[in-house]
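What you are looking at is a predicted structure, and each value in this text was computed from that prediction instead of being measured.
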Amino acid sequence: MKTLRDAAIGETVKVVKLHGEGAVKRRIMDMGVTKGVEVFVRKVAPLGDPVEVTVRDYELSLRKQDAEMIEVE
């Protein structure tokens, strides 16, 4: 299983599934990260947290823990 955290800088990936439950999953979905959407990994901070991505034509920063909940292909 590959997660958004494992994606390389400059890579475009497609969301397969969102793991997690409750408010955390809902918050990620509210930010536009839903099943089937393409996500472009723009940059990763030096220590790996946060991850900056482009999703639905806007830039979004995700914590490491949130990026690990997003399964991609």
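Criterion: ILVMFWY side-chain heavy atoms under 4.5 Å apart, direct or through other members. Under it, F40 and V37 are not part of a common hydrophobic cluster. At a threshold of 4.5 Å between side-chain heavy atoms, the hydrophobic network of Ile, Leu, Val, Met, Phe, Trp and Tyr places L4 and V44 in one connected group. By the rule that hydrophobic residues join a cluster once side-chain heavy atoms approach within less than 4.5 Å of another member, V33 and I9 end up as members of one cluster.
When side chains are defined from C-beta on, E73 does not count as touching K17, because their heavy atoms never get closer than 4.5 Å. Looking only at side-chain heavy atoms (C-beta outward), E38 and V13 stay at 4.5 Å or farther from each other. Considering only heavy atoms from C-beta on, M69 comes within 4.5 Å of V24 through its side chain. Looking at D49 and V51, their side chains never come closer than 4.5 Å, going by heavy atoms from C-beta outward. In this structure, E52 and E59 have side chains that are in contact, with non-hydrogen atoms separated by less than 4.5 Å. In this structure, the side chains of V39 and T54 stay at 4.5 Å or more apart for every pair of heavy atoms.
The line from NE2 of H19 to NZ of K25 is 9.0 Å long, rounded to the nearest 0.5 Å. Here CD of E68 is found 11.0 Å from CZ of R63. Values are rounded to the nearest 0.5 Å.
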TODO: Dump the intermediate steps for side chain to side chain contact (heavy atoms under 4.5 Å, CB included) on I70 and L18, then the final yes or no.
DONE: CA-CA 5 Å; I70 303 168; L18 292 174; 3.7 Å; yes
Task: salt bridge (Lys or Arg N to Asp or Glu O under 4.0 Å) between R27 and D66, intermediate numbers included - done: CA-CA 10 Å; R27 184 172 54 85; D66 294 343; 3.0 Å; yes
Open item on the list: One pair to check against side chain to side chain donor-acceptor pair (under 3.5 Å): R42 and S61. What are the steps and the verdict?
Closed with: CA-CA 10 Å; R42 293 180 48 86; S61 291; over 6 Å; no
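Of the possible polar contacts, one joining the R56 side chain to the G32 backbone as a donor-acceptor pair under 3.5 Å is found.
Between E11 and K2 the shortest heavy-atom distance is OE2-NZ, 2.7 Å. Contact between M29 and T34 at its shortest, heavy atoms only, is O-CG2, 4.0 Å.
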